[in-house]
Amino acid sequence: MNKLELLLKKVRNRNTESRRPHLEAASNLGSATKGTTPRQNDTIVRPAQSCAEPAAPTEMEFTVKYITDSEEAAAIAETEFDSELSIGVDIETMKMSQYKSHSRAGLSPHLSRIRLLQACQTLDKVYVFDIPKTGLEPLMPILTGPMVAHNARFEMSHLYHSGIEISQIDCTMLMYNALRGGTINLKDLTKQLLDLDISKEEQASDWSLTELSSSQIQYAARDAWLVFRLYPILKSKLEEQQKMKVYELLREAQFPVMKMEYNGCHFDASTHWLLMDRIKEDLEAAKIRLKAAVGPNVSLTSNKQLSDHYKKVLDPKILKKWPRTEKGDDLCLDKRAVQKFTHVEVVEPLVRYKRFQTLVQNFGSKLLSDINPVTGRIHPEYGLGAAKTGRFTCSKPNLQQIPHEKEFRDLFSAPNGRKILVADYSQIELRVLAMLAKELTMLEAYRNGEDLHRLTAASMAGIPPDDVSGEQRRAAKPVNFGIIFGMGSQGLSNHARDKYNVVMTPREAKKNIQAFFEKYPAVEAWGNNNKKSAAVYRFVETKMGRKIRVDKPHTQSRNYPVQGSAGEVMLAAIIELDREIAASGLDIKMVNIIHDEIVLEVAATDAEQAKDLLERAMINGMLRVFPEAHTTGLVEAGVGDTWGEAK
DNA sequence: GGCAGCCGCGCG
DNA sequence: AAAGCGCGCGGCTGCC
């Protein structure tokens with residue numbers, strides 16, 4: 001036993017006596033009763049006295065120890081923390097001066113420096129380390145032990161940038177997500193669980209000041225204290241409500257997701273310029289034609305003005321048939337409505353104009369502005385489990401909505417000497433539906449590696465699967481997917497036309513839905529059962545036990561379990577993938593996740609091995625969530641120099 | 001000038 | 001009789 005272990009043991013004994021966090025805090029999370037009324041003096045925050053003797057911990061009362069000396073930091077890190085008890089951690093970052101005005105300064109690790117690291121393991125005391133002065137090395141005893149933070153991926157990424165890999169850390173935001181879905185900030189979580197009102201005013205203050213104010217230091221300390229206080233409350237709720245499996249998926253996914261954000265996507269900016277020049281020419285031409293049609297006084301980007309204009313000039317017979325917007329009585333000018341009236345001369349130019357306008361607006365210079373000045377790459381933010389169903393979200397920019405056109409996806413290319421590797425799950429939602437509903441005919445088809453669209457087409461047409469034509473198979477796709485959404489006949493008819501270019505009258509759609517349910521009766525029974533139960537309990541559950549609130553029982557009770565469970569498969573896949581990458585020693589970086597698709601950037605020489613590894617990881621991800629899954633034809637992978645090529 | 005709701009559209 | 005799921009984001013519009 002070395003010196004450090006001895007010291008830790010000593011501290012541990014001391015800590016176990018009387019310094020356990022108290023767990024009696026009032027909470028309305030998961031409680032059947034309404035929240036209690038706020039007490040009068042909850043908001044009192046006493047100023048910290050750095051040398052006061054700790055009193056019995058009460059609401060938000062703790063001392064703050066601010067450390068600027070590296071030897072003192074090392075001594076504290078070694079002696080004052082128990083390596084077996086989770087430490088509440090938080091960091092404050094400062095903008096690097098040369099990127100001060102960049103919108104991501106202070107947030108992106110590449111544009112920031114860690115200023116403070118706060119650590120709390122007893123309710124009476126918080127340590128605040130001034131990192132530029134102490135360095136991070138003295139804090140290794142803290143950083144190698146169990147930690148918890150709010151939105152811990154932030155801490156993870158900045159420490160990673162400083163050369164410290166923290167692959168496991170608890171996150172109070174994700175704990176909340178596993179219980180209730182969505183995201184929550186520390187202020188709201190504190191209000192919900194502790195019924196305390198806190199101010200986040202100092203969050204955006206200048207953390208690069210040589211002398212930080214006592215208010216800044218107090219603020220920083222408080223967040224670590226809160227996290228330490230919230231953690232045991234959330235943990236017991238997760239255990240009580242049996243949400244650990246969902247939470248563990250989220251927790252384990254943090255490290256791979258953080259690295260994906262940190263790596264970013266390579267982006268071919270010069271090709272982007274050429275592409276946009278071309279599209280802008282098309283847009284200008286379309287603009288001239290539309291202007292000629294509607295006159296110079298109508299703003300082409302204003303649907304309100306276009307609607308008013310068309311109302312004035314169009315034949316009343318046409319106007320009567322024209323669909324209206326949801327609220328208000330404007331003409332609906334979405335793609336479907338406009339395409340219905342392309343035979344009208346003044347309407348026709350609108351289709352092309354809208355398309356080019358969208359491309360320029362959403363995928364033009366905006367995309368260039370998202371290139372990180374340090375890495376030259378695009379680093380979006382992913383919301384882990386952030387969609388209501390538990391799927392990923394992606395923002396700043398949203399790389400999950402890049403247009404399909406190859407020319408756009410080709411912009412996401414591999415740097416020299418590297419390759420892009422793409423794999424997606426084939427029909428994952430249909431497979432998940434089959435397993436959740438235990439629909440034996442569907443499961444049998446997947447077991448035999450059969451084509452489910454063909455099978456559905458056969459029962460729709462009342463013929464043997466071998467006789468199904470390409471046309472008939474195409475018509476079956478929207479039926480299969482429509483079922484997942486709980487579509488009605490009108491909806492299916494529209495969907496078939498818009499997304500698959502398939503003509504299906506509502507009457508035919510109705511027949512097709514009936515044929516589907518005759519062929520796969522367990523799906524119908526499962527759907528009805530979900531609807532009934534959701535109408536009573538107002539929630540549904542995914543395979544791993546995520547509970548999701550349902551507002552519209554007919555559609556959502558069918559769709560949420562499917563979409564949510566498929567999301568869990570993706571989480572399991574990236575966890576497995578990260579493990580296998582580490583074990584293989586290959587040069588593989590994850591660069592994008594699009595719901596059922598993973599994009600990697602790999603060393604060219606590793607591409608073929610990486611492809612096998614990726615397929616294996618995705619299959620194992622599926623098996624972690626659905627051990628009973630049939631995996632024939634489950635994953636389709638490809639290699640190329642760009643995202644567009646690899647697909 | 002900031003904010004929220006609406007509309008519309010890209011993706012799965 | 002009704003019943004198309006989940007996102008992020010941009011421009012417009014009306015309101016404070």
Side-chain angles (χ1 to χ4, degrees), chain A residues 181-183 298-308 323-338 350-351 353-367 370 380-383 385-405 408-409 424-425 427-429 432-433 478 481-499 506 509-510 513 527-528 530-531 534-535 540 548 550-564 566-567 570 592-598 643:
Chain A
T183 58
V298 179
S299 164
L300 305 187
T301 51
S302 167
N303 284 337
K304 173 98 180 120
Q305 290 183 33
L306 283 167
S307 164
D308 288 346
R324 304 295 157 126
T325 55
E326 200 57 48
K327 323 257 157 142
D329 195 35
D330 296 328
L331 301 185
C332 172
L333 292 174
D334 69 14
K335 199 194 279 172
R336 183 200 302 174
V338 172
L350 199 48
V351 181
Y353 170 77
K354 274 181 170 270
R355 174 64 184 165
F356 295 132
Q357 172 66 18
T358 299
L359 291 179
V360 171
Q361 185 175 282
N362 296 349
F363 307 104
S365 55
K366 217 206 121 280
L367 222 39
D370 285 316
E381 267 179 38
Y382 291 85
K388 194 150 45 165
T389 53
R391 267 191 182 178
F392 279 100
T393 60
C394 181
S395 62
K396 290 176 281 179
N398 182 358
L399 292 192
Q400 293 177 332
Q401 56 167 181
I402 299 301
H404 281 138
E405 280 95 326
F408 275 96
R409 302 219 163 181
D424 68 345
Y425 283 114
Q427 303 174 9
I428 188 171
E429 295 203 330
V432 164
L433 173 66
F481 291 117
I483 297 298
I484 296 171
F485 296 145
M487 274 183 188
S489 46
Q490 184 64 52
L492 176 54
S493 168
N494 293 337
H495 179 72
R497 170 163 38 74
D498 297 342
K499 291 275 156 47
K510 190 169 184 181
I513 293 170
N528 290 339
N530 277 15
K531 180 178 174 174
V540 289
I548 311 172
V550 167
D551 302 316
K552 294 182 268 180
H554 178 85
T555 50
Q556 294 175 335
S557 73
R558 289 162 163 85
N559 182 251
Y560 285 0
V562 173
Q563 188 182 124
M570 179 51 86
N592 201 359
I593 293 173
I594 315 98
H595 307 303
D596 63 355
E597 174 180 346
I598 297 177
W643 184 15

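In what follows, chains are A, B, ... by sequence order, proteins preceding strands, each numbered from 1. Only this structure's heavy atoms are used, side chains among them; waters, hydrogens and symmetry mates stay out.
For the contact set between residues 356-366 of chain A and DNA chain C, defined by any heavy atom under 4.0 Å, the members are A/Gln361, A/Asn362, A/Lys366.
Annotation: the span from A/Lys531 atom NZ to A/Ser557 atom OG amounts to 8.0 Å, rounded to 0.5 Å. Interatomic distance, A/Phe481 CZ to A/Gln427 CD, rounded to the nearest 0.5 Å: 6.0 Å.
With a 3.5 Å limit on both pairing distances and Watson-Crick or G-U wobble geometry required, the stems of 3 or more pairs in DNA chain C span B:1-12 with C:5-16.
Contacts of A/Ile402 with the nucleic acid, taken as non-hydrogen atoms under 4.0 Å apart, involve only primed sugar atoms and P, OP1 or OP2. Residue contacts for A/Tyr560: at a heavy-atom cut-off of 4.0 Å it reaches the sugar-phosphate backbone alone, with no base atom in range. Counting any heavy atom pair closer than 4.0 Å across all strands shown, A/Glu597 reaches no nucleic acid atom. Within the 4.0 angstrom heavy-atom criterion, no nucleotide atom of any strand lies near A/Arg558. Within 4.0 Å of A/Arg409, counting heavy atoms only, lie sugar-phosphate atoms of the nucleic acid but no base atom. Across all strands shown, A/Lys510 has no heavy atoms under 4.0 Å from either base or sugar-phosphate atoms.
With B/dG10, B/dG12, B/dG8 as the choices, the nucleotide that has an atom nearest any side-chain atom of A/Arg355 turns out to be B/dG10.
Listed by chain and residue number, A/Tyr500 satisfy the ring-ring contact (aromatic ring centres under 6.0 Å, His included) test with A/His495 (two or more places apart in sequence, or in another chain). Considering only residues two or more places apart in sequence or on other chains, A/Phe356 meets the ring-ring contact (aromatic ring centres under 6.0 Å, His included) condition with none of them.
A distance-only check finds no donor-acceptor pair linking the side chain of A/Gln357 to the backbone of A/Tyr353 [under 3.5 Å]. Using modelled atom types, one side-chain atom of A/His554 and one backbone atom of A/Gly486 make a donor-acceptor pair closer than 3.5 Å. With hydrogens and angles ignored, the 3.5 Å screen pairs a side-chain donor or acceptor of A/Arg409 with a backbone N or O of A/Pro403.
Using a 4.0 Å cut-off between a side-chain N of Lys or Arg and a carboxylate O of Asp or Glu, A/Asp370 and A/Lys396 do not qualify as a salt bridge.
At a threshold of 4.5 Å between non-hydrogen side-chain atoms, the residues A/Trp643 and A/Leu399 do not count as touching. Taking 4.5 Å as the limit, some side-chain heavy atom of A/Leu333 sits within range of a side-chain heavy atom of A/Lys354.
Nucleotides B/dG10 and C/dA3 have their P atoms positioned 26 Å apart, rounded to a whole Å.
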Give me the distances for all protein-to-nucleotides 3-6 of chain B N/O pairs that come in under 3.5 Å?
| from | atom 1 | to | atom 2 | distance (Å) |
| --- | --- | --- | --- | --- |
| B/dC6 | OP1 | A/Lys327 | NZ | 3.4 |

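Nucleotides of DNA chain C with any atom under 4.0 Å from a heavy atom of chain A span, from 5' to 3', C/dA3 to C/dT13.
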